[in-house]
There are 2 protein chains.
Amino acid sequence: MLVGMTLLEHSWPDRLRAAGLRVTPRRVAVLETLDAHPHSSADELHTRAEARLDHLTRQAVYISLADFVGHGLVRKIEPPGSPARYETRTADNHHHLVCEQCGAIADVDCAVGAAPCLTPDDDAGFFVHTADVTYFGLCPQCRDAG
Amino acid sequence: MLVGMTLLEHSWPDRLRAAGLRVTPRRVAVLETLDAHPHSSADELHTRAEARLDHLTRQAVYISLADFVGHGLVRKIEPPGSPARYETRTADNHHHLVCEQCGAIADVDCAVGAAPCLTPDDDAGFFVHTADVTYFGLCPQCRDAG
DNA sequence: GTGTTCTTTTGAATGAGTCAAAAGAAGGGG
DNA sequence: CCCCTTCTTTTGACTCATTCAAAAGAACAC
Ligand SMILES: [Mn+2]
Ligand SMILES: [Mn+2]
Ligand SMILES: [Zn+2]
Ligand SMILES: [Zn+2]
């Protein structure tokens, strides 16, 4: 039985090396934890990844995540009123549903295509690089509860 | 010679009363300052509005803005890596261009219409309330400089 | 005017994230 | 293998935007 990801994409150590970053147990632990728990905050990742290592500081998590984002291994999202969240799904331009009640986040595929799915009518002279779409509303649980 | 806004919309005192909020010199000063300087931060508003009053604390600005947002007089936007910004343009669903270099913000009219201009294909069971679109890129100045 | 309720001040506290310097590990060249 | 350089992690302090709580002050309905 084949494990899809190890064939399709490379392993985290390989991807770290490919990005020119050193392979350390901490980094691999953070990346695997993030893979297993998409849209985690730095603090959630710290708590979860620390459990599988002897030592891991919150700062190491912040520094690692910043490096990962800088090298395209990880995407950072910053919903209003919540600490930043991270995910390993970087290949596509997907968007997010955010629950205004409980903060839950769900992925939404890009409505139009793989690349940034919108361009403004009047760009005011800006060179537009990315379009970020966030939907706000209520998740199923909060909708039923309210 | 007619002043457009006072006829089309009501004055800030009237709009405050209509919202059930008391009319105070501080609130009016904050609203007028924000009208004159859209996309200001709380701190910028404090500095600017303080200049026309004998006293105005930063906290009063924060509290007032939260009240205004809660009553629909003001809209709050929270670009990544920047303090929250505010604007009095609440009637339409417009979007924003953010310069990744200098933080400049420009308005973009909604591509589709007045109401939330997008709905996701698969809403994952969410009750979607608003769609927020933010374009990231470089403003004219930073584009030419870079 | 007076009283009730809403606003503002005052001052402290929070939480997420950053900075800087010292200690520790990866991994390439010998 | 081992060493050295460079990158990574720890440590601990610190910043910044924002929030909290309690006391003092102002709107405005009567
Ligand atoms: Mn996602
Ligand atoms: Mn705007
Ligand atoms: Zn929810
Ligand atoms: Zn710019």
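Proteins come first, then strands; the chains are lettered A, B, ... in the order of their sequence lines, and each starts at number 1.
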- Spacing of B/Arg85 atom CZ relative to D/dA17 atom P, expressed in whole Å: 10 Å

- Go through the structure and list residues passing side chain to side chain contact (heavy atoms under 4.5 Å, CB included) with B/Pro80, not counting sequence neighbours. A/Glu78, B/Phe136

- Could you tell me whether A/Glu44 and A/Arg85 make a salt bridge, using a distance below 4.0 angstrom between a side-chain N and a carboxylate O? yes

- Query: Which whole-number value in Å describes the distance from A/Asp43 CG to C/dT14 P?
  - Reply: 16 Å

- Name all pairs fulfilling the side-chain hydrogen bond (donor to acceptor under 3.5 Å, both in side chains) condition that reach into residues 54-66 of chain A, sequence neighbours left out, sorted by first residue then second. A/Asp43-A/Arg58

- Nearest whole angstrom, please: distance from the C1' of D/dT18 to the NE2 of B/His46. 14 Å

- B/His46 side-chain N/O to B/Ala42 backbone N/O, donor-acceptor pair under 3.5 Å: no

- Integer-rounded Å distance: C/dG17 P and B/Glu78 CD: 13 Å

- Query: Taking everything shown except B/Arg48 itself, do over 12 heavy atoms lie less than 6.0 Å from its CZ?
  - Reply: no

- Atom CG of A/Leu53 and atom C1' of C/dG24 are separated, to the nearest Å, by 15 Å

- Message: Rounded to whole Å, how long is the line connecting atom OH of B/Tyr62 with atom C1' of C/dT10?
- Response: 16 Å

- Item | A/Leu65 CG - C/dT18 P separation (whole Å) | 10 Å

- Given protein heavy atoms under 4.0 Å, the one-letter contact record of nucleotides 4-15 of chain D, with B base, S sugar-phosphate only and - none, is simply --BBSBBBB---

- Query: Do the side chains of A/Val23 and A/Arg27 get nearer than 4.5 Å, heavy atoms only?
  - Reply: no

